[in-house]
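Let me begin by presenting the structure, written as structure tokens, before commenting on it.
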Amino acid sequence: MGSQDVSPPANYEDLIRLIHDRFDQMSKTYQRIAEYLTQNPNEVAVQSVNSIASHCGIHASSFVRFAQSLGYSGFKDLQVLFQLRLSTAAPGFEARKKALEGELSLREDQSELGFLRDLVVRDIASLQDLLDKVDAEDLSRAAEMIAGADTVYLVGQLRSEPVVVLLRYILTMLGRPCVLLDASGGLATHMARTMPPNSVLLAVSFRFYANEVVNIVEECAKAEVPIIAISDSFLSPLTKPSAILFAVPEHDYTFSRSLAAPMCLAQALMVAVAARVQQNDRDPRIPTVTAQ
């Protein structure tokens with residue numbers, strides 16, 4: 001569909017909504033472009049199309065065609081919406097990272113301490129980004145769903161597994177029935193099909209989304225099991241089946257992608273659950289094994 005057939009979105013919010021609506025029908029290249037644009041809006045506002053394209057490993061002409069498929073005459077017309085958004089937005093990940101690098105006198109050395117500084121700077125920036133973007137109402141609703149469920153089912157594989165293991169530990173110590181849908185033995189999908197009424201599924205998955213996790217989420221949605229998800233983008237395959245999705249954007253790391261922000265979000269969610277379970281919103285406590 002060309003630009004002559006479409007009236008392009010006039011503001012950033014409508015643009016993101018249109019991208020979400022069309023994402024599943026996009027080509028793989030357009031999906032990669034859409035993911036970068038939605039996860040890095042501040043960078044898109046200030047960088048040239050050639051710089052953005054080089055970062056993504058996609059030819060700049062594909063970005064132009066992507067913009068035209070949404071009704072714009074070219075990429076610059078689409079980019080204007082990101083620039084207007086930036087004029088009122090909070091500092092993004094890259095801006096925070098650069099400021100923190102200055103504060104910590106970060107040097108581009110390859111020593112062990114240099115590696116640590118780099119990770120600390122990125123994690124602090126990611127955590128600040130999370131605080132700005134998480135929706136307070138979603139946090140409250142998710143905590144209510146978990147606290148009110150008879151059983152909480154947890155699923156996360158590959159790099160996401162540590163997050164659900166932490167959630168299982170905390171829920172168990174809070175006395176909340178929970179089941180980890182473990183990939184070992186190949187029974188996770190079959191276990192998910194046995195969820196009793198008044199259960200909740202808490203799913204965690206990041207690019208490149210584990211197939212079994214996505215399949216379980218989709219099956220649970222068909223069975224009308226409420227789903228709370230933690231992922232990296234609102235373009236994640238977990239978005240549509242989920243009642244609530246927390247998008248924790250990922251940023252490039254020299255070695256690996258950090259779990260600091262997803263772990264912090266998971267802990268905050270559990271503190272909110274503890275406040276409800278213990279009827280103590282002033283000083284909720286999560287018991288530990290050593291305290292028993």
Side-chain angles (χ1 to χ4, degrees), residues 6 8-24 26-60 62-101 121-136 138 206-207 229-240 245-253 257-258 260-262 264-265:
V6 182
N11 58 64
Y12 175 81
E13 291 73 19
D14 287 346
L15 170 62
I16 299 303
R17 191 175 299 113
L18 178 61
I19 290 174
H20 287 176
D21 291 344
R22 293 192 182 180
F23 185 77
D24 290 343
M26 290 180 181
S27 67
K28 293 295 184 184
T29 297
Y30 279 14
Q31 286 184 347
R32 286 173 59 196
I33 292 173
E35 286 171 347
Y36 185 84
L37 297 184
T38 55
Q39 292 189 35
N40 303 275
N42 290 6
E43 287 68 43
V44 172
V46 299
Q47 294 179 359
S48 69
V49 65
N50 289 329
S51 176
I52 296 169
S54 176
H55 186 86
C56 294
I58 299 173
H59 198 277
S62 294
F63 281 80
V64 175
R65 289 193 294 271
F66 176 86
Q68 290 172 340
S69 75
L70 299 179
Y72 300 97
S73 60
F75 187 77
K76 286 188 177 180
D77 290 339
L78 178 150
Q79 191 176 35
V80 166
L81 302 187
F82 287 83
Q83 293 168 345
L84 290 173
R85 172 195 169 277
L86 183 60
S87 65
T88 58
F93 172 82
E94 288 298 329
R96 288 193 172 104
K97 183 168 76 71
K98 288 178 181 178
L100 287 164
E101 285 174 350
V121 162
R122 290 174 180 273
D123 282 347
I124 292 173
S126 292
L127 289 167
Q128 289 178 329
D129 202 34
L130 170 67
L131 191 58
D132 282 340
K133 293 180 179 178
V134 73
D135 186 280
D138 283 346
F206 308 108
R207 285 187 301 169
I230 298 175
S231 193
D232 55 351
S233 166
F234 287 111
L235 299 180
S236 161
L238 274 59
T239 300
K240 290 183 180 179
L245 182 132
F246 296 101
V248 184
E250 296 193 299
H251 304 281
D252 289 339
Y253 280 64
R257 295 176 187 248
S258 174
C264 187
L265 175 61

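Side-chain N or O atoms of Asp129 include none that pairs as donor or acceptor with a backbone N or O of Ala125 at under 3.5 Å. At least one donor-acceptor pair under 3.5 Å links the side chain of Gln79 to the backbone N or O of Gln47.
Between the CD atom in Glu43 and the OG atom in Ser51 there is a gap of 10.0 Å [rounded to 0.5 Å]. Between Ser27 atom OG and Ile33 atom CD1 the span is 7.5 Å, to the nearest 0.5 Å. Remark: Asn50 CG to His59 NE2 distance equals 8.0 Å, nearest 0.5 Å. Within the model, atoms OH of Tyr30 and CZ of Arg65 stand 5.5 Å from one another, a figure rounded to the nearest 0.5 Å. A distance of 15.5 Å separates NZ in Lys133 from CZ in Phe246, rounded to the nearest 0.5 Å. Rounded to the nearest 0.5 Å, atoms OG (Ser231) and CZ (Arg207) are 9.5 Å apart.
With salt bridges taken as basic N to acidic carboxylate O contacts below 4.0 Å, none links Arg85 and Glu13. Salt-bridge annotation for Arg17 and Asp21: absent, with no side-chain N of the basic residue lying under 4.0 Å from a carboxylate O of the acidic one.
Across Thr38, Val49, Leu37, a single residue satisfies side-chain contact (heavy atoms from CB on, under 4.5 Å) together with Val44, and that is Leu37.
Side-chain contact between Thr29 and Ser62 is present, with at least one heavy-atom pair separated by less than 4.5 Å. Proximity of Leu84 to Val80: side-chain heavy atoms (C-beta onward) are separated by under 4.5 Å at one or more points.
The two residues Phe63 and Ala53 make their nearest non-hydrogen contact at CE1-CA, 3.6 Å. For the residue pair Pro41 and Tyr12, the shortest heavy atom distance occurs at CB-OH, 3.6 Å. The minimum heavy-atom distance between Ala261 and Leu127, with the atom names listed, is CA-CD2, 3.7 Å. Here the shortest heavy-atom pairing between Thr239 and Ser233 reads OG1-O, 3.7 Å. Considering every non-hydrogen atom in both Leu81 and Tyr72, the closest pair reads CD1-OH, 3.1 Å. Closest non-hydrogen pair, Phe206 versus Asp232, comes out as CD2-N, 3.8 Å.
Checked against side-chain contact (heavy atoms from CB on, under 4.5 Å), Ala34 has the following partners two or more places apart in sequence or in another chain: Ile19, Phe23, Met26, Phe66, Leu235. For Val64, the side-chain contact (heavy atoms from CB on, under 4.5 Å) criterion is met by Gln68, Phe75, not counting sequence neighbours. Contacts of Arg32 classified as side-chain contact (heavy atoms from CB on, under 4.5 Å), with partners at least two apart in sequence or in another chain: Ile58.
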